[in-house]
Amino acid sequence: MRSAPAKPDPLALLRWYDRRRRALPWRARAGETADPYAVWLSEIMLQQTTVEAVKPYFAAFLARWPDVAALAAAPQEEVMKAWAGLGYYARARNLHACARAIAARGAFPREQRELLALPGVGPYTAAAIAAIAYDAPVVAVDGNVERVVARLFAIERPAREAKAELREQAQSLFPGRRAGDFTQALMDLGATVCTPRGPRCGDCPFHGACAAERSGDAEAFPVKPPKTQKPERRGAAFVLLSDGAALIRTRPPRGLLGGMAEFPSTPFRADFDPRKARAHAPAAAPWRELPGMVEHVFTHFSLRLTIFRATLPPPRPGIENCRWTELGRLEAEGLPTLMRKVAAHAGLGLE
DNA sequence: TACCCGTGGCG
DNA sequence: TCGCCAAGGGT
């Protein structure tokens, strides 16, 4: 009779972490205490976002707003501009609201329940802050940890359906000390060894104690839900120029690209009718349809935009809900990537 | 509960 | 080239 498979040893993971932990700008060095502000800021930026994409934004935010009081005192518009290009703009809105809430109450809450009540802070982020900044005995479960745990225990259901089980199993691994290190160790393991594709099981501190590895196909976990096709939408954007300036406006505060600057545009729709595009133009002008389209892929649809361009002689007219921005200052407007593509397509630079 | 919400890099 | 996917949260 075969011996029972080894159980995962959490202390082996901590030993691995002590050797292989990543040095990250928001992470305290070994033995030092993390700054709650830096932990919170980084955790918000890292939501669904890669480490490399976050690094320059984190540095810029920390340099400009070195503590939560400074961020709370900033105009929301400035925060949105500084966030431009990072995506998921509701995060920036919530970040600012959260900074004001924290400044108003005087300090970061330490309790997970209070953290959870903050805007933009969900179950993962609350647990991460509690564990990393305050050493609370909780395991934060992000996509990395879900993957590690799904493999360790060969969980057959997709992560979406198995959230509760994944959290319970992750928490069951907690060794009872070094909570911040343990959570970050699981995440580092998922990011560098137990990767979505091509996991390096031979380098894993759980080698020999992982059910997915024993199955012979660790990569098959976590089980993926069936993929659905991404629909296509279309629309048009209008680039109006006059006397060295371009016409822009601010999008509504919620929804797609909420609160971000844009060139006046039609709604983006599956049933967009190009013949009616000109009816959405911000002003009467000698509009010319440019050849080609701007293509962009969002989370849940892909977009093809027709670009219209026109030039008006000075003086520049006032146009409702819009403003003129000098071409040299377009960069400082904090255009989201889609609108940077529009600018480039219209020959305004911003490649 | 499902759906909504960006972006850039990688195999 | 293109689908996949990364430290999720809000509604």
Side-chain angles (χ1 to χ4, degrees), chain A residues 21-22 24-27 34 38-58 80 83-95 97-98 115-133 139-148 158-161 163-164 166-167 170 180 182-192 194-199 219 222 224-231 233 251-260 262 268 295-303 334-341:
Chain A
R21 69 200 300 261
R22 292 176 292 175
L24 299 171
W26 43 86
R27 186 176 274 182
V39 172
W40 164 69
L41 179 61
S42 67
E43 290 298 342
I44 302 299
M45 288 184 166
L46 286 161
Q47 288 168 5
Q48 299 290 286
T49 307
T50 58
V51 164
E52 289 308 312
V54 164
K55 281 178 178 175
Y57 285 87
F58 178 79
M80 302 301 289
W83 196 275
L86 199 54
Y88 284 134
Y89 297 100
R91 291 185 297 171
R93 209 165 50 239
N94 288 328
L95 182 84
C98 188
L115 288 164
L116 201 49
L118 296 169
V121 177
Y124 161 74
T125 305
I129 295 171
I132 297 169
V139 176
V141 179
D142 72 334
N144 286 309
V145 180
E146 285 183 354
R147 183 171 58 256
V148 170
R160 264 291 225 286
E161 301 174 21
K163 290 273 185 204
L166 289 164
R167 278 181 197 159
F182 189 72
T183 270
Q184 294 179 93
L186 279 172
M187 292 194 281
D188 275 21
L189 186 70
T192 64
C194 193
T195 48
R197 283 167 295 188
E219 195 172 306
K224 296 171 191 63
K227 55 176 176 287
T228 61
Q229 193 187 338
K230 196 166 283 194
R233 297 188 197 176
R251 289 177 63 85
R254 298 175 183 280
L256 187 74
L257 305 176
M260 301 302 290
E262 70 164 1
F268 308 148
E295 300 186 5
H296 193 70
V297 180
F298 291 102
T299 312
H300 54 297
F301 67 93
S302 56
L303 177 67
L335 295 176
T337 297
L338 170 64
M339 293 299 155
R340 294 179 70 92
K341 289 182 181 178

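Chain A is the first sequence line, chain B the second, and so forth, proteins listed ahead of strands; every chain is numbered from 1. Predicted model only: the values in this text are computed from it and were never measured. Just the heavy atoms: all of them, side chains too, but no hydrogens, waters or symmetry mates, feed the values below.
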Can you measure A:K163 atom NZ to B:dT1 atom P for me and round it to whole angstrom units? 11 Å

Mind checking A:K224 for me? I need base, sugar-phosphate or nothing, with any heavy atom below 4.0 Å counting as a touch. sugar-phosphate

Comparing A:G120 with A:T228, nearest DNA chain C nucleotide closer to 5' gives the residue A:T228

Atom pair distance, as rounded to whole Å: CG in A:N94 and C1' in C:dT11: 12 Å

Check every strand shown and say whether A:R93 touches a base, only sugar-phosphate, or nothing at a heavy-atom separation below 4.0 Å. nothing

Here the salt bridge (Lys or Arg N to Asp or Glu O under 4.0 Å) pairs for residues 120-133 of chain A, sequence neighbours left out, are none

Assign the ring pair A:F298 / A:F268 to parallel, tilted or perpendicular, where the plane angle (0 to 90°) is split at 30° and 60°. parallel

Once you apply a heavy-atom cut-off of 4.0 Å, does A:T125 come out as touching a base, just sugar-phosphate, or nothing? sugar-phosphate

Between C:dG9 and B:dG8, how far apart are the P atoms? Round to whole Å, please. 22 Å

Test: A:E295 and A:K341 ion pair at under 4.0 Å: no

Could you tell me the separation between the CG atom of A:L116 and the C1' atom of C:dG10, rounded to a whole number of Å? 12 Å

Side-chain ion pair, A:D188 and A:R22, N-O less than 4.0 Å: yes

Without hydrogens or angle criteria, can the side chains of A:Y124 and A:Q47 be said to hold a donor-acceptor pair below 3.5 Å? no

Contact class for A:W26 (heavy atom, under 4.0 Å): base, sugar-phosphate, or nothing? base

Remember a base hit wins even if backbone is also touched, and classify A:I129 as base, sugar-phosphate or nothing at under 4.0 Å, heavy atoms. nothing

NZ of A:K230 versus P of C:dC5: gap in Å, rounded? 11 Å

Can you build the contact string for nucleotides 4-11 of chain B? Use B for base contact, S for sugar-phosphate-only contact, and - for no protein heavy atom under 4.0 Å. SBBBS---

Does A:R251 have any salt bridge (Lys or Arg N to Asp or Glu O under 4.0 Å) partners at least two apart in sequence or in another chain, and if so, which? A:E262

Looking for any heavy atom pair under 4.0 Å, which part of the strands does A:R254 touch: base, sugar-phosphate only, or nothing? sugar-phosphate

Hey, mind stepping through A:W83 and A:I44 against side-chain contact (heavy atoms from CB on, under 4.5 Å) and telling me if it holds? CA-CA 11 Å; A:W83 196 275; A:I44 302 299; 4.0 Å; yes

